[in-house]
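Read the structure below first, then the notes.
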Amino acid sequence: MALSLLCLMVAVMNSTKSLGPVMAIGVVVAFAVMSTLFPALLVSCGRWIFWPVRPHYGTPDATSGRGRRWTGRLIAARPRLVWMFTATALAVLALGAFGLHSNGLQNQDMFRNHPEAVAGEKTLLAHFPGGTGDPLQIVGPATAADRLFALAKVSGVVNVSVPATHEDIAYLEATPTAPTASTAAFDTVDRLRTAVHSVPGARVGGGSAVALDTLRASHRDQSVVVPLVLAIVALVMCQLLRAVVAPLLVLATTVLSLGAAFGVSALVFDHAFGFAGTDTAFPLWTFVFLVSLGIDYSIFLMARIREEARAHGTAAGALIAARTTGGTITAAGLVLAGTFAALLTLPLVMVTEIGFAVACGVLLDTFVVRTVLVTALTVDLGDCIWWPGRSRAARPARSIEEPVKL
């Protein structure tokens with residue numbers, strides 16, 4: 001997880017770039033505490049810390065619930081049918097991701113409530129051109145002030161101010177007809193930049209220009225960070241599992257789960273919350289959170305499957321691992337989903353969107369992908385999942401038709 005977060009350091013957006021090392025440090029510190037201080041506290045406190053149920057040697061396993069027993073029997077009976085149905089359902093949900101609009105939010109769309117600033121902007125837009133309160137800013141050589149004034153009169157600009165000069169710099173303001181950060185405003189910025197860039201040293205800024213540059217930088221970061229994170233995750237899992245097929249399989253299920261989370265989120269944002277779109281940083285941040293957290297569960301599950309496969313064979317080992325880790329993964333998923341769901345109480349649209357998408361993705365990963373899809377795929381593929389290595393059972397592999405204490 002820490003390595004995935006450090007991948008954000010290759011981003012060009014400072015808000016994204018600075019997030020990586022900060023969160024990676026937090027993960028490393030948490031790992032250090034949980035591997036040193038926490039075990040020491042458990043030993044010092046003794047078994048009473050688990051009150052009211054104190055575990056003792058020989059205590060029956062209490063992690064097997066009826067739901068997991070029923071799911072295990074279903075997977076054991078029809079593993080291929082189960083994973084094909086589950087994968088198809090997730091793929092259908094993922095189609096909704098095509099409706100995810102991540103071109104940024106206008107100022108009036110950033111809040112779930114209606115603060116005074118939004119009310120004032122709406123009033124201004126009702127009586128004046130869209131860019132009246134946030135004009136585009138043009139700077140260039142003072143010697144070319146008159147030329148910049150003429151060039152700034154492009155389509156989409158309703159008014160250009162008289163050039164102001166100071167020393168060797170000229171400054172102008174161009175008022176666009178479209179609201180700040182809208183698609184029409186972005187087109188106006190491109191036309192204005194194309195025109196004034198014929199003057200050496202001329203630049204165009206302003207709210208819409210900043211939003212456009214942020215959008216393009218975010219798209220660049222997504223195209224670089226996403227494959228880098230996936231590559232690092234694949235290498236780490238290959239090293240851990242000593243296999244190629246299993247890591248790639250887990251990575252594919254994680255991407256499918258991510259797509260389904262995006263699809264569900266897009267439908268909810270459009271039809272339940274009524275949001276105008278998502279922030280430009282939403283796809284990348286949600287991707288990093290969900291892939292990092294989902295891979296944690298996958299590593300936990302697959303490592304246990306490999307351990308059980310040495311004694312019982314891969315198919316039976318997968319069912320045993322799903323039962324024994326199911327309670328832990330479910331509890332962790334519920335806690336994590338609840339934590340991110342708490343963000344839905346905040347008034348900022350971007351925070352609400354990230355909270356819902358991550359909570360939804362974690363729940364899908366916990367109850368569908370890890371519990372059903374990965375287990376069914378492992379049972380169906382059997383020992384070939386460990387290619388190019390093999391997981392040799394210490395004794396003859398147990399048939400999945402035999403009771404596995406599900």
Side-chain angles (χ1 to χ4, degrees), residues 10-19 101-111 115 117-118 120-125 127-224 276-284 348-350:
V10 303
V12 296
M13 290 291 297
N14 284 333
S15 58
T16 302
K17 187 174 185 177
S18 60
L19 181 70
H101 308 292
S102 300
N103 293 325
L105 296 168
Q106 298 182 38
N107 294 334
Q108 59 184 335
D109 299 322
M110 290 183 177
F111 299 90
V118 172
E121 183 177 13
K122 288 183 177 180
T123 302
L124 185 65
L125 291 175
H127 298 86
F128 297 92
T132 300
D134 189 9
L136 297 174
Q137 302 159 356
I138 306 169
V139 294
T143 56
D146 293 337
R147 185 182 175 191
L148 289 173
F149 179 80
L151 292 172
K153 296 178 180 180
V154 299
S155 175
V157 171
V158 69
N159 182 52
V160 181
S161 67
V162 176
T165 59
H166 179 71
E167 297 180 350
D168 58 346
I169 297 297
Y171 173 77
L172 305 83
E173 289 185 349
T175 303
T177 58
T180 301
S182 64
T183 302
F186 291 160
D187 294 338
T188 301
V189 171
D190 283 331
R191 286 192 295 268
L192 186 58
R193 282 176 168 172
T194 300
V196 304
H197 283 174
S198 62
V199 177
R203 297 289 183 268
V204 176
S208 293
V210 171
L212 178 59
D213 292 340
T214 301
L215 174 63
R216 289 173 175 168
S218 298
H219 288 169
R220 178 267 175 196
D221 290 344
Q222 292 171 29
S223 64
V224 173
T278 67
D279 189 85
T280 54
F282 168 80
L284 182 57
L348 290 176
V349 169
M350 176 186 175

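When a residue number appears, it is its place in the shown sequence, counting from 1. Below, all heavy atoms of this structure are taken into account, side chains as well, without hydrogens, waters or symmetry copies.
- Remark: the backbone N or O of His101 is paired with a side-chain donor or acceptor of Thr278 at under 3.5 angstrom.
- For Thr280 and Thr214, the side-chain atoms include no donor-acceptor pair closer than 3.5 Å.
- Taken to the nearest 0.5 Å, the OG atom of Ser218 stands 10.5 Å off from the CG atom of Asn103.
- Residues meeting the salt bridge (Lys or Arg N to Asp or Glu O under 4.0 Å) test with Arg216, sequence neighbours left out: Asp190.
- In this model, a donor atom of one side chain and an acceptor atom of the other lie less than 3.5 Å apart for Asp134 and Thr180.
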Decide yes or no on side chain to side chain contact (heavy atoms under 4.5 Å, CB included) for Val157 and Thr177, but give the supporting numbers first. CA-CA 6 Å; Val157 171; Thr177 58; over 6 Å; no
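- For the pair Thr165 (side chain) and Ala142 (backbone), a donor-acceptor distance under 3.5 Å is absent.
- Across Phe186 and Leu212, no two heavy atoms sit closer than the pair CE2-N, 3.5 Å.
- Rounded to the nearest 0.5 angstrom, Thr175 OG1 and Asn159 CG are separated by 5.0 Å.
- The closest donor-acceptor contact from the side chain of Thr132 to the backbone of Phe128 lies at 3.5 Å or more, if one exists at all.
- To the nearest 0.5 angstrom, Met13 atom CE is 10.0 Å from Leu215 atom CG.
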Go through Ser198 and Arg147 one step at a time and tell me if the side chain to side chain contact (heavy atoms under 4.5 Å, CB included) criterion holds. CA-CA 10 Å; Ser198 62; Arg147 185 182 175 191; 3.6 Å; yes
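- The minimum heavy-atom distance linking His219 with Ser102 is given by the pair NE2-O, 4.2 Å.
- The shortest distance between side-chain heavy atoms of Pro141 and Val199 falls below 4.5 Å.
- The backbone N or O of Gly140 lies less than 3.5 Å from no partner atom in the side chain of Arg203, so there is not a single donor-acceptor pair.
- Shown here for Ser182 and Ala178, the closest heavy-atom pair between the two residues is OG-CB, 3.5 Å.
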Go through Val349 and Asp279 one step at a time and tell me if the side chain to side chain contact (heavy atoms under 4.5 Å, CB included) criterion holds. CA-CA 8 Å; Val349 169; Asp279 189 85; over 6 Å; no
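- Closest non-hydrogen pair, Gln222 versus Leu284, comes out as CG-CB, 4.0 Å.
- Using modelled atom types, one finds no donor on one side chain facing an acceptor on the other under 3.5 Å when comparing Thr194 with Arg191.
- Within the 4.5 Å cutoff, the side chain of Gln108 has heavy atoms near those of the Lys122 side chain.
- The heavy-atom pair separating Leu192 from Ala174 by the smallest distance is CD2-CB, 4.3 Å.
- Here the closest heavy-atom approach between residue Ala11 and residue Lys17 is recorded as O-CD, 3.5 Å.
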Determine, stepwise, if the pair His166 / Tyr171 fulfils side chain to side chain contact (heavy atoms under 4.5 Å, CB included). CA-CA 8 Å; His166 179 71; Tyr171 173 77; over 6 Å; no
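- Put simply, the side chain of Asp221 gets close to the backbone of Val12: a donor and an acceptor are under 3.5 Å apart.
- The OG atom of Ser208 lies 10.5 Å from the CD atom of Gln137; values are rounded to the nearest 0.5 Å.
- Once rounded to the nearest 0.5 Å, the distance linking NE2 of His197 with CG of Leu151 reads 11.5 Å.
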